[in-house]
Asker: 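What follows is a structure written as structure tokens; I'll ask about it next.
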Amino acid sequence: MNIITRFAPSPTGSLHLGAVRTAIFNFLFTKRNKGKFILRIEDTDQERSTNDSLDEILKSLNWLGVDYDDGPHIQSDRLSIYKKIAQDLVDKNLAYKCFMKNEEIEELKNQAAKEKKVYRYPRTWRDRTDHPENAKYVIRFKTPDSHIIEFSDTLRGTIKIGSDNLDDFIILKSDGYPTYNFSTVIDDAEMGITNVIRGEDHLSNTSKQTLIFDSLNKKPPLFTHVSMILGKDKTKLSKRNGSKSIQDFKDEGILPIAILNYLARLGWSHGDQEIFTLDEMVDLFDINNLTKSPAIFDEDKLKWVNSQHLKRLSNNDLLKVVKVDFYQGINIDLALSSAKVKAKDTIMLNESLKFCESELIKIGDEFIDDLYTKDTKEIIEAFYTDALDLKSFEIKEIKDCMNIFLEKRGLKMKQIALPLRIILTGSKASPGIFEVISILGKEIFSKRIEHYLES
RNA sequence: GUCCCCAUCGUCUAGCCUGGUCUAGGACACCGCCCUUUCACGGCGAAAACAGGGGUUCAAAUCCCCUUGGGGACGCCA
């Protein structure tokens, strides 16, 4: 059987990590099995759904490289379908119209809270036929009494829940929109979804959805409820405990593959391997090899994974993510090679390559003490004179030149490396000094030294 | 409160299904040392866990039960 899966976010905010992880699992699983991956937008909450959110979700998925084969299907385009099926269920006496007013429900909820009980809809309209004319109503599902609801989960086995724990839940709201449990089931059935991979927080919804599948005479898909990602405080990830959106990570210089890798490794593993390419993940991913317990999000490790991918990136690919205008004459290849091994994110990378952007660099006032002593100036000038004689500005030549210079003058590397670094990069932190000189090349090197000597 | 899920180092995890090779392996973070021209990278090392109690068995991190702990759900949100 061909695998068909879906990722079904609701456009009520930016894409967050938990959602992204289920998207990744669906994506990997589907690719692994050469199936079809559908994107479906569950915008049945008129109040909270926004186009901006939808745009951001699409943008983020695209940036991550989580591509879908079909969609996005928008649920609000399909209202007539849900309405019709809800009405069918009413006609079959499997659902019913409920005319209870909001105020009445509020009252019941308050009452329940007072008695420290959980509110349950009292089935007031379940069997009534004295329906008011032109009044607003919702459609509720007739949850059967004392029935054992059973469904299976590929990770957790068979799960059984007594129907008495559920009340007559709403499937169609008074604004004519379906509720989540209803539209999800209809779409999963209509779209031929074979595998539903979603967060563990949906486990309790699955019992309701099983009931709906039954009422529709449809076979439910195979469920896999993936463990949740928790914040540092061990509760569901939310803005409160530091959850960031994909956009945030992008802005912080995290690579898409690092997010994919880190998030996939949260709950999934392949022996001791920590770093995966996308192809490797697709190749190795096994839905049956997921951890059942929740995992705490650790930004330090994400950063580390990011640094590992940064190191592995080819200079060609690196050029696409780096935001540096290399000045003409800069040895870009060498610059990238020496910068990428040290950076943890692309922000750092950009920062460390700043000295490559122009012919001259600005030297901050804080370095005056380090640079403008008579000795320093004299040493730099002397080394400069030697360096000018070099035919090639390869690292090796520069190094040899330096060693001869130091020996000749009885100096230590330390005495010249720091000022030279500041003069050439405007910073105390940079790639190795020989690399820096080689990256700049003879011309820019000379310009910067002369500029210093003249100041 | 009710229902559901889960339980190996601080964190992510390997091992669990198919008991013995586990004096429990790896990674992040932390600490120490080394490398060193800065910042880093890297290398080496240390510390660090089978929640508790009962079973089953010659043998349990691994199987079963209970307790405890954690998480999730209980919306005209998804």
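Letters go in sequence order (proteins before strands), and every chain restarts at 1.
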Asker: Between B:U37, B:G42, B:C77, spot the one nearest the side chain of A:Met413, thanks.
Answerer: B:U37
Asker: Using a 4.0 Å heavy-atom cut-off, does A:Lys292 contact any base of the nucleic acid, only the sugar-phosphate backbone, or nothing at all?
Answerer: sugar-phosphate
Asker: Which part of the nucleic acid does A:Glu299 contact within heavy-atom distance under 4.0 Å: base, sugar-phosphate only, or nothing?
Answerer: nothing
Asker: Which part of the nucleic acid does A:Glu200 contact within heavy-atom distance under 4.0 Å: base, sugar-phosphate only, or nothing?
Answerer: base
Asker: Using a heavy-atom cut-off of under 4.0 Å over every strand shown, decide if A:Pro431 touches base, sugar-phosphate, or nothing.
Answerer: base
Asker: Closest nucleotide of RNA chain B for A:Ala429 versus for A:Glu42: which of these residues is on the 5' side?
Answerer: A:Ala429
Asker: Check the orientation of A:His202 and A:Tyr180. Use parallel for under 30°, tilted for 30 to 60°, and perpendicular for over 60°.
Answerer: tilted
Asker: Looking only at side chains, do A:Ser430 and A:Ser427 share a donor and an acceptor under 3.5 Å apart?
Answerer: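 Result is no, nothing qualifies.
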Asker: Quick one: label A:Lys109 by what it contacts on the DNA or RNA (base, sugar-phosphate, nothing), any heavy atom closer than 4.0 Å.
Answerer: sugar-phosphate
Asker: If you look at every strand shown and take non-hydrogen atoms under 4.0 Å, does A:Gly267 touch a base, only sugar-phosphate, or nothing?
Answerer: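 Sugar-phosphate contact only - A:Gly267 comes under 4.0 Å of backbone atoms but never of a base.
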Asker: Under 4.0 Å, heavy atoms only, any strand: does A:Leu418 hit a base, just the sugar-phosphate, or nothing?
Answerer: nothing
Asker: Return yes if the base of B:C76 and the side-chain atoms of A:Asn102 contain a donor-acceptor N/O pair under 3.5 Å, otherwise no.
Answerer: yes
Asker: Let me spell it out: for each of A:Ser430 and A:Tyr119, pick the nucleotide of RNA chain B with the closest heavy atom. Which residue's pick is nearer the 5' end?
Answerer: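 On the 5' side of the pair lies A:Ser430.
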Asker: Measure the shortest side-chain to side-chain distance between A:Glu252 and A:Lys244 over non-hydrogen atoms and say whether it is less than 4.5 angstrom.
Answerer: yes
Asker: Contact class for A:Lys117 vs. all strands (heavy atom < 4.0 Å): base, sugar-phosphate, or nothing?
Answerer: nothing
Asker: With A:Arg6 as reference, evaluate A:Asn26, A:Asn195, A:Asp188, A:Asp187 under the side chain to side chain donor-acceptor pair (under 3.5 Å) test and give the passing residue.
Answerer: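 So, applying the side chain to side chain donor-acceptor pair (under 3.5 Å) to A:Arg6 and each of A:Asn26, A:Asn195, A:Asp188, A:Asp187, only A:Asp188 qualifies.
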Asker: Where along residues 334-347 of chain A does a heavy atom come under 4.0 Å from RNA chain B, residue by residue in number order?
Answerer: A:Val341, A:Lys342, A:Lys344
Asker: Just to verify, which of A:Thr206, A:Asn205, A:Thr184, A:Thr224 counts as forming a side chain to side chain donor-acceptor pair (under 3.5 Å) with A:Arg198?
Answerer: A:Thr206
Asker: Nearest to the A:Pro294 side chain among B:C6, B:U13, B:U38, which nucleotide is it?
Answerer: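 Selected nucleotide (nearest to the side chain): B:C6.
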Asker: Any base atoms under 4.0 Å from A:Ser352, or only sugar-phosphate, or nothing? Heavy atoms, all strands.
Answerer: nothing
Asker: Contact between A:Gln75 and A:Ile41 at the side-chain level, heavy atoms closer than 4.5 Å - yes or no?
Answerer: no
Asker: Specify whether A:Phe276 and A:Trp268 have parallel, tilted or perpendicular ring planes, treating 30° as the upper limit for parallel and 60° as the lower limit for perpendicular.
Answerer: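 Rings of A:Phe276 and A:Trp268: tilted, as their planes differ by 30° to 60°.
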Asker: Going by the glycosidic torsion and a 90 degree boundary from 0, is the base of B:C64 oriented syn or anti?
Answerer: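 It is anti.
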Asker: At under 4.0 Å between heavy atoms, what does A:His225 touch on the DNA or RNA strands: base, sugar-phosphate, or nothing?
Answerer: nothing
Asker: Among the candidates B:A27, B:A78, B:C76, find the nucleotide nearest to the side-chain atoms of A:Lys301.
Answerer: B:A27
Asker: May I ask you to say what A:Thr235 touches in the nucleic acid, namely base, sugar-phosphate or nothing, with a heavy-atom cut-off under 4.0 Å?
Answerer: sugar-phosphate
Asker: Name the residue from A:Arg78, A:Arg40, A:Lys84 that meets the salt bridge (charged side-chain N to carboxylate O under 4.0 Å, His left out) definition with A:Glu190.
Answerer: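 Considering A:Arg78, A:Arg40, A:Lys84, a salt bridge (charged side-chain N to carboxylate O under 4.0 Å, His left out) with A:Glu190 is found only for A:Arg78.
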Asker: Are the side chain of A:Tyr262 and the backbone of A:Asp298 linked by a donor-acceptor contact shorter than 3.5 Å?
Answerer: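 Yes.
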Asker: Looking at RNA chain B, which of residues 138-158 of chain A put a heavy atom within less than 4.0 Å of it?
Answerer: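 Here the set is A:Val138, A:Arg156.
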Asker: Does A:Lys236 place a side-chain N or O at less than 4.0 Å from the phosphate oxygens OP1/OP2 of B:A73?
Answerer: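 Result: yes.
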Asker: Thinking salt bridges, do A:Arg123 and A:Asp145 make one under a 4.0 Å N-O criterion?
Answerer: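 Yes, charged N to carboxylate O under 4.0 Å.
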Asker: Whole-Å distance between B:G1 C1' and A:Lys114 NZ?
Answerer: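 To the nearest whole Å, that distance equals 19 Å.
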Asker: Give A:Thr291 one of three labels, base, sugar-phosphate or nothing, depending on what nucleic acid heavy atoms sit under 4.0 Å from its own.
Answerer: sugar-phosphate
Asker: Looking at B:G42, B:C5, B:G25, which one has an atom nearest to any side-chain atom of A:Gln308?
Answerer: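 When the side chain of A:Gln308 is considered, B:G42 is the closest of B:G42, B:C5, B:G25.
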Asker: Strictly by Watson-Crick or wobble contacts shorter than 3.5 Å, is anything paired with B:C33, and which nucleotide is it?
Answerer: B:G43
Asker: Tell whether A:Ser174 reaches the base of B:C76 with its side chain through a donor-acceptor pair below 3.5 angstrom.
Answerer: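 It does, because a donor-acceptor pair links the side chain of A:Ser174 to the base of B:C76 below 3.5 Å.
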Asker: Is the distance from OP1 or OP2 of B:G72 to the nearest side-chain N or O of A:Ser204 less than 4.0 Å?
Answerer: no
Asker: Report the C-alpha separation of A:Phe7 and A:Tyr68 in whole Å, then their side-chain angles, then the decisive distance to 0.1 Å, and conclude whether the ring-ring contact (aromatic ring centres under 6.0 Å, His included) test is met.
Answerer: CA-CA 9 Å; A:Phe7 174 54; A:Tyr68 38 91; 9.3 Å; no
Asker: Tell me whether the OP1 or OP2 atom of B:A78 has a side-chain N or O from A:Lys173 closer than 4.0 Å.
Answerer: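 Answer yes for this pair, as a side-chain N or O of A:Lys173 is under 4.0 Å from OP1 or OP2.
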Asker: Is there a side-chain contact between A:Ile437 and A:Leu420 (heavy atoms, below 4.5 Å)?
Answerer: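 Yes, side chains in contact.
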Asker: Is A:Thr44 near enough to B:A78 that one of its side-chain N or O atoms lies under 4.0 angstrom from OP1 or OP2?
Answerer: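 Checking A:Thr44 against B:A78: at least one side-chain N or O falls below 4.0 Å of OP1 or OP2.
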Asker: With a 3.5 Å cut-off and heavy atoms only, can you find an N or O donor on one side and an acceptor on the other between the side chain of A:Gln273 and the base of B:G26?
Answerer: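 When only heavy-atom distances are counted, A:Gln273 does not reach the base of B:G26 through any donor-acceptor pair under 3.5 Å.
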Asker: Within the 4.0 Å heavy-atom criterion, would you say A:Phe434 contacts the bases, only the backbone, or no part of the nucleic acid?
Answerer: base
Asker: Does A:Asn205 contact B:A78 through a side-chain donor or acceptor facing the base, at a distance under 3.5 Å?
Answerer: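 In this structure, the two groups form a donor-acceptor pair.
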Asker: Which nucleotide wins on minimum distance to the side chain of A:Ile159, given the candidates B:A73, B:C5, B:A14?
Answerer: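 Closest nucleotide to the A:Ile159 side chain: B:C5.
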Asker: When you measure from the side chain of A:Leu266, which nucleotide among B:G71, B:C12, B:U37 comes out closest?
Answerer: B:C12
